[in-house]
Q: 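The structure under discussion is supplied below as structure tokens; questions concerning it will follow.
Throughout, a chain's letter reflects where its sequence line sits, starting with A, and its residues are numbered from 1.
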2 protein chains.
Amino acid sequence: MGRWQPNARGRLEQAALDLFGERGFEQTTAAQIAERAGLTERTFFRHYGDKREVLFSGARELEEAFVTTLADTPETAAPMEAMASALETIAAFFLDSHEFARRRHAVITANAELRERELIKLASLAAALAATLRRRGVKDPAASLAAEAGMAVFKIGFERWVGGTGERTLADHLRESLAELRAITAGA
Amino acid sequence: MGRWQPNARGRLEQAALDLFGERGFEQTTAAQIAERAGLTERTFFRHYGDKREVLFSGARELEEAFVTTLADTPETAAPMEAMASALETIAAFFLDSHEFARRRHAVITANAELRERELIKLASLAAALAATLRRRGVKDPAASLAAEAGMAVFKIGFERWVGGTGERTLADHLRESLAELRAITAGA
DNA sequence: GAATCGATGTCAGTTGCTGACATCAACCGT
DNA sequence: ACGGTTGATGTCAGCAACTGACATCGATTC
């Protein structure tokens, strides 16, 4: 048996989500989160660069998976075809997490600072996707725009999925949003 | 003559942009900005909700102008036609401000917290535009997607304009980005 | 079994930000 | 002309986010 309880990060993230849900993000101090997890405030800040980051540990994995998937699509696919394929694959990661995503999303949308953090994670993801497209030979501004368009589809589709009952899958919502974007931009 | 020097906000914004440029955002304290403007830290926080906000006073006006312009396009225009027209009009606001925009953008891109703030301003703008489109009878998710697509075009076009020499106008870059988005999303 | 390591704890300090209250020129009504 | 009100600012005390320096002590390594 180790000197400390295992899975410190997991305990911190669970405690944070619970406390933010109970009394709100601003009304919760880092010391309170740490205390509920059986740790100290200083340890909290060793695991997370700031108080908000405790809700975004999954972002790195999502970005990696997204980039890998996009990079693995056939070179022959047009930029938005590749994005569509990547979106399809990524949606599978969220198949069993509707309830968790719902709780987390409720906390985030209730606070402006957390929305800011969410947006910069999406922007970072868009930048990584644009770089991947460029590596596939797509020129700018096409690469950046395809990445931003993909993020717009992901954002809107995700919001509608998380705001729904969970009966329709995320992949479903993403396909619908992409089709809608195509219809809208189809003008002369 | 008043009891105080006039244009406190203007002095604070100028001092902030200068100091952030000289020594960086994090290395500048709110008290230092206030001091250079001949005011106190407390007064700084009366004018701006937080330290970052001093760089974003123009966002409200931009959003208002954007929304007004979009609302004033003929009801017959399709969503992206209306967005394109609004982008065109908004570009005129930036005709003589390339140098200022360049300095400000350099400061913002150099700091993650400032990039976060910029992103949430754009998100707020997108939400306002989506609401305006809905008021024109556009359904969701089309309204949200058109707004997000418009913001993507604005973002990419603005970045390319601000990173250029200023010879090509912002309107120019926006038209190019929009055309590129249309080309990309035109797939089956 | 000694040396090292790594996750955690302790403590003191800086900065962002806020509430409560004071000041005093300008303005307003009589 | 004069008393009251207003509004932008100043002063001060305090909390919470975050950081650097150093200590602790099981576990691991040689």
Q: Give, ordered by number, those residues of residues 19-41 of chain A having at least one heavy-atom distance below 4.0 Å to an atom of DNA chain D; if nothing qualifies, reply none.
A: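 Only A:T28, A:T29, A:A30, A:E41 qualify.
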
Q: Should B:D18 and B:R103 count as an ion pair when the cut-off is N to O under 4.0 Å?
A: yes

Q: Could you give the CG-to-P distance, from B:D50 to C:dT15, as a whole number of Å?
A: 17 Å

Q: Rounding to a whole Å, what distance do you find between B:R3:CZ and D:dT5:C1'?
A: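 Between C1' of D:dT5 and CZ of B:R3: 15 Å.
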
Q: Taking the side chain from A:R136 and the backbone from A:L70, do they hold a donor-acceptor pair closer than 3.5 Å?
A: yes

Q: So for atom CZ, which belongs to B:R60, do other residues, nucleotides or ligands contribute more than 12 heavy atoms lying within a distance under 6.0 Å?
A: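 Open: at most 12 neighbouring heavy atoms sit under 6.0 Å from CZ of B:R60.
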
Q: Send over the distance from A:Q5 CD to C:dA7 C1', rounded to a whole Å.
A: 13 Å

Q: Run the ring-ring contact (aromatic ring centres under 6.0 Å, His included) test against B:F25 and tell me which residues pass, sequence neighbours left out.
A: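 Expected list: B:F20.
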
Q: CZ of A:R42 versus P of D:dA17: gap in Å, rounded?
A: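 Atom CZ in A:R42 sits about 14 Å away from atom P in D:dA17.
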
Q: In whole Å, I'd like the distance from the OH atom of B:Y48 to the P atom of D:dA8.
A: 14 Å

Q: Without swapping roles, check the side chain of B:T89 against the backbone of B:S85 for a donor-acceptor pair under 3.5 Å.
A: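 Side chain of B:T89 to backbone of B:S85, a donor-acceptor pair under 3.5 Å: yes, one is there.
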
Q: Could you go step by step and tell me if A:F94 and A:F158 meet the ring-ring contact (aromatic ring centres under 6.0 Å, His included) rule?
A: CA-CA 10 Å; A:F94 295 87; A:F158 186 87; 5.7 Å; yes

Q: Nearest whole Å is fine: how far is D:dA8 C1' from B:F44 CZ?
A: 16 Å

Q: OP1 or OP2 of D:dT9 sitting under 4.0 Å from any side-chain N/O of B:H47?
A: yes

Q: With the side chain of A:W4 defined as its heavy atoms from C-beta on, choose the nearest nucleotide among D:dA17, D:dT9, C:dA7.
A: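 The nucleotide sitting nearest to the side chain is C:dA7.
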
Q: May I have the distance from A:N7 (atom CG) to C:dA7 (atom P), rounded to whole angstrom?
A: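 To the nearest whole Å, that distance equals 14 Å.
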
Q: Under 3.5 Å, which donor-acceptor pairs do the side chains of residues 150-157 of chain A form with other protein atoms, sequence neighbours left out?
A:
| unit_1 | atom_1 | unit_2 | atom_2 | d |
| --- | --- | --- | --- | --- |
| A:K155 | NZ | B:E148 | OE1 | 3.4 |
| A:K155 | NZ | B:E148 | OE2 | 3.3 |

Q: Calculate the interatomic distance between A:F45 atom CZ and D:dG20 atom P; express it in whole Å.
A: 13 Å

Q: Nearest to the side chain of A:R46, heavy atoms from C-beta on, is which of D:dC18, D:dG26, D:dC22?
A: D:dC22

